[in-house]
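Notes to accompany the following structure.
Letters go in sequence order (proteins before strands), and every chain restarts at 1.
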Amino acid sequence: MTIRFYNTLTRRKEPFAPIVPGEVRMYSCGPTVYNFAHIGNFRAYIFADLLRRHLKNRGYRVTQVMNITDVEDKIIRTCNETGEPLQTLTERYTQAFLDDLDTLGVERAEHYPRATDNIGAIVDLIKRLLDKGYAYEAKGSIYFRLSAFPGYGKLSHYDTDTLRAGASGRVDHDEYGAEDVRDFALWKAYDAADGAVYWDTELGRGRPGWHIECSCMSMAHLGESFDIHTGGVDLIFPHHENEIAQSEAATGKPFVRYWLHNAHLLVEGRKMAKSLGNTYTLRDLLDMGHHPLAIRYVLLATHYRQPNNFTFDALEAAAESLERVRDFRARVQALADTANGGGRMADLAAECGDAFNAALDDDLNISAALAAVFTFIRESNKLLDAGEADGDGASAAEAMLNRAHAVTGLFPEPNADEGAPQEIWRQVLERQEARKRKDFARADAIRDELAQSGWIIEDTPKGPRVKRSFEHRA
RNA sequence: GGCGGCAUAGCCAAAUUGGUAAGGCAGAGGCUUGCAAAGCCUUGUACUCCCGGUUCGAGUCCGGGUGCCGCCUCCA
């Protein structure tokens with residue numbers, strides 16, 4: 001078993017080997033907290049989640065750090081517009097972000113450092129760069145001197161000479177003092193428009209630039225060289241390029257071994273844009289009645305380097321797919337205590353487990369991994385139909401699905417939260433009585449009634465089974 | 001203008017180093033069922049965006065086109 005990842009640095013799939021055997025240190029670029037994150041943002045976090053879960057599943061001890069950017073131009077602008085203090089705004093949206101991660105079943109990273117809690121360390125790092133001649137002061141701001149760092153461009157594969165200043169039309173006016181337009185700010189001198197947002201430091205009054213916090217906080221928690229850095233493709237340039245420049249200039253050591261970037265999310269085949277009205281937050285989708293697991297499924301099920309076309313059809317299909325797995329789990333659970341030889345299903349479970357892991361080892365090929373699960377379910381359902389499944393096979397199947405759930409977060413055990421209350425069972429029993437009397441009109445009426453309140457009855461050879469309908473589940 | 005990515009059935013989406021197109025959802029028919037549900041079987045000749053080329057063989061490689069998406073100094 002060799003895990004392979006596509007490394008943006010080399011533009012190739014490479015065998016993965018961490019710096020310290022058995023231990024993976026990874027950093028994931030996190031949110032800027034001035035608003036609710038949208039589902040495109042969450043694709044990035046779910047991708048990082050799959051990565052850390054798979055590595056753990058493969059036996060690595062994982063330390064993941066995700067920054068919370070809580071001081072930045074857009075935050076300050078929002079504060080100026082609303083008059084709200086920076087801290088209360090960022091605290092509110094940080095909490096909303098973490099809540100959303102919980103809703104989507106994203107495992108917590110080990111550390112969520114905030115930029116504003118690390119001003120001292122940021123200042124120290126900038127001083128190091130000043131001392132080494134990689135940075136200079138201009139009009140109270142500190143800039144990184146690109147010309148002093150020859151490796152610049154190795155991640156994005158941009159030729160720095162041909163970068164057209166301001167081609168994106170977003171050049172910041174306060175970079176006016178830079179020696180070279182391509183130099184970027186490490187520290188921004190205080191400006192009246194910043195209001196109450198500033199720190200008085202050895203560098204003067206001002207606030208950190210954006211890129212420096214990631215260099216600072218990643219190295220603080222993970223060391224000067226670490227294994228994996230994740231983020232959206234849009235961050236390759238300039239953000240990650242700048243992180244490399246700052247970090248490697250300061251330490252003289254390679255910063256990160258593997259750079260993994262996720263492609264963006266499209267919505268109904270179009271890019272997400274406010275003008276198109278297709279920018280959805282997680283809360284928007286929940287308000288529309290969509291289930292968090294179905295949302296997770298859609299965001300997860302497309303390979304991370306492939307553009308993911310988020311559609312409402314796909315969301316419905318995801319709910320159905322999850323239902324299929326859930327029904328299968330319930331079926332297998334009901335069999336768990338029988339024991340009657342034969343082990344075909346256990347073999348299938350083992351095969352599926354191998355295929356599942358092998359798929360994810362290959363640059364997190366989640367589509368192939370999920371296909372293995374569904375193939376297993378179909379083959380196992382055949383055995384169940386034929387009465388050729390036994391308790392051992394059922395246990396093996398459950399264990400395998402539990403492992404798949406540990407990696408994907410998509411297949412929770414079905415019963416826990418859905419035990420039907422007493423009065424529901426009373427109606428189920430009443431329906432059974434009616435069926436015995438062949439009073440099918442009455443039986444069907446009860447079934448319809450229960451369906452209205454979100455309980456689905458399935459008649460099995462062993463008697464009725466009651467389950468919560470997907471849309472009625474929390 | 002520069003750099004990069006993507007284009008596979010109605011929808012979503014996979015496919016080692018080129019080797020004869022996974023999986024899910026939806027639809028149709030059937031088995032099963034009191035009827036359903038769940039499950040199983042069968043079903044879509046998938047001209048793999050178009051046009052050329054290389055090859056015994058191309059979804060995969062090369063050239064050209066079309067469309068969509070991203071980055072080009074603080075957007076995942």
Can [X] and [Y] be counted as having a side-chain donor-acceptor contact under 3.5 angstrom?
X         : Y         : answer
Asp448(A) : Gln452(A) : no
Asp284(A) : Thr281(A) : yes
Thr32(A)  : Glu72(A)  : no
Glu213(A) : Asn67(A)  : yes

Notebook entry, point to check: According to the 5.5 Å centroid and 30° plane-angle thresholds, does His264(A) stack upon the nucleobase of rA76(B)?
Noted result: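 Whether judged by distance or by angle, His264(A) passes, so it stacks on the base of rA76(B).
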Check: Can you list the residues that meet the side-chain hydrogen bond (donor to acceptor under 3.5 Å, both in side chains) rule with Ser367(A), with sequence neighbours excluded?
Finding: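 With neighbours one apart ignored, the set is empty.
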Margin query: Just to verify, what does Arg11(A) make a side chain to side chain contact (heavy atoms under 4.5 Å, CB included) with, not counting sequence neighbours?
Written below: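 Here the qualifying residues are Tyr6(A), His157(A).
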Next item on the list: Check each residue of residues 378-386 of chain A for a non-hydrogen atom within less than 4.0 Å of any atom in RNA chain B, then write out the ones that pass by number, or none.
Entry: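 Heavy-atom cutoff 4.0 Å gives Arg378(A), Asn381(A), Lys382(A), Asp385(A).
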Item checked: Interface residues of residues 435-447 of chain A with RNA chain B (non-hydrogen, below 4.0 angstrom) ->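 The stretch gives Arg435(A), Phe440(A), Asp444(A), Arg447(A) as the residues lying under 4.0 Å from the strand, ordered by number.
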Notebook entry, point to check: Is there a donor and acceptor pair closer than 3.5 Å between the side chain of Asp459(A) and the base of rC35(B)?
Noted result: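 Per atom types, the contact qualifies.
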Under 3.5 Å, which donor-acceptor pairs do the side chains of residues 351-360 of chain A form with other protein atoms, sequence neighbours left out?
residue: Asn357(A); atom: ND2; partner: Gly353(A); partner atom: O; Å: 3.3

Next item on the list: Give the ring-plane orientation class for Phe144(A) versus Phe149(A), where under 30° counts as parallel, over 60° as perpendicular and anything between as tilted.
Entry: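 Ring orientation of Phe144(A) relative to Phe149(A): perpendicular.
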Margin query: Can you identify which nucleotide, out of rA26(B), rC40(B), rC12(B), has its nearest atom closest to the Arg324(A) side chain?
Written below: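 From the listed options, rC40(B) comes nearest.
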Next item on the list: Can you run through RNA chain B from 5' to 3' and write each base as (, ), [, ], | or . depending on how it pairs? Watson-Crick or G-U wobble, both distances under 3.5 Å.
Entry: (((((((..(((......[...))).(((((.......))))).....(((((..]....))))))))))))....
